[in-house]
Amino acid sequence: MAQGYAVFIGLVVIAILCVASWFLAPKGENQVLWRSSLILSIVSCYLMWAITFLAQLHPLIVPKRSDLREQFLEH
């Protein structure tokens with residue numbers, strides 16, 4: 001089962017990737033463009049994953065099965 005601490009582990013991995021992209025960006029006149037593009041794309045992917053992961057970890061609406069007979073449902 002998924003745990004909530006996976007988001008924090010992912011955050012650490014993302015921080016390492018952002019620092020690596022900062023220092024490993026190719027030198028030249030487009031270095032700032034490379035850095036900002038890489039960091040923005042990494043952070044955007046992480047945010048999308050984290051929001052989707054947390055939405056499935058704690059859903060707002062509880063799914064209900066319609067194929068169960070009434071006598072087996074818990075009330």
Side-chain angles (χ1 to χ4, degrees):
M1 193 71 171
Q3 300 295 322
Y5 60 82
V7 175
F8 297 112
I9 293 172
L11 185 61
V12 170
V13 171
I14 293 303
I16 292 169
L17 285 174
C18 287
V19 169
S21 67
W22 179 271
F23 289 111
L24 298 176
K27 307 288 187 250
E29 67 178 49
N30 291 331
Q31 185 178 21
V32 175
L33 181 65
W34 272 98
R35 283 179 177 170
S36 51
S37 297
L38 287 171
I39 291 173
L40 280 172
S41 63
I42 290 169
V43 170
S44 297
C45 288
Y46 169 73
L47 283 175
M48 192 66 192
W49 171 80
I51 290 169
T52 305
F53 181 81
L54 290 174
Q56 293 176 7
L57 189 62
H58 298 289
L60 295 176
I61 301 170
V62 177
K64 297 184 189 244
R65 291 182 57 178
S66 63
D67 60 336
L68 294 177
R69 287 185 266 170
E70 192 67 33
Q71 63 214 18
F72 295 114
L73 293 175
E74 297 177 21
H75 292 289

Residues which pass side chain to side chain contact (heavy atoms under 4.5 Å, CB included) with Leu17, listed by chain and number, not counting sequence neighbours: Val13, Ile14, Ile42

Mind telling me whether Trp49 and Phe53 have parallel, tilted or perpendicular rings, with 30° and 60° as the class edges? parallel

Rounded to the nearest 0.5 angstrom, the CG-CD1 distance for Leu11 and Ile16 is 10.0 Å

Using the rule that Ile, Leu, Val, Met, Phe, Trp and Tyr join whenever any side-chain heavy atoms are under 4.5 Å apart, tell me whether Ile39 and Leu47 fall into a single cluster. yes

How many angstroms lie between CG in Leu24 and CZ in Arg35, if you round to the nearest 0.5 Å? 10.0 Å

Supply the members, apart from Phe8, of the Ile/Leu/Val/Met/Phe/Trp/Tyr cluster built from side-chain contacts under 4.5 Å; use none for a lone residue. none

Apply the hydrophobic cluster definition, ILVMFWY joined by side-chain contacts under 4.5 Å directly or through others, and give me every member besides Trp34. Leu38

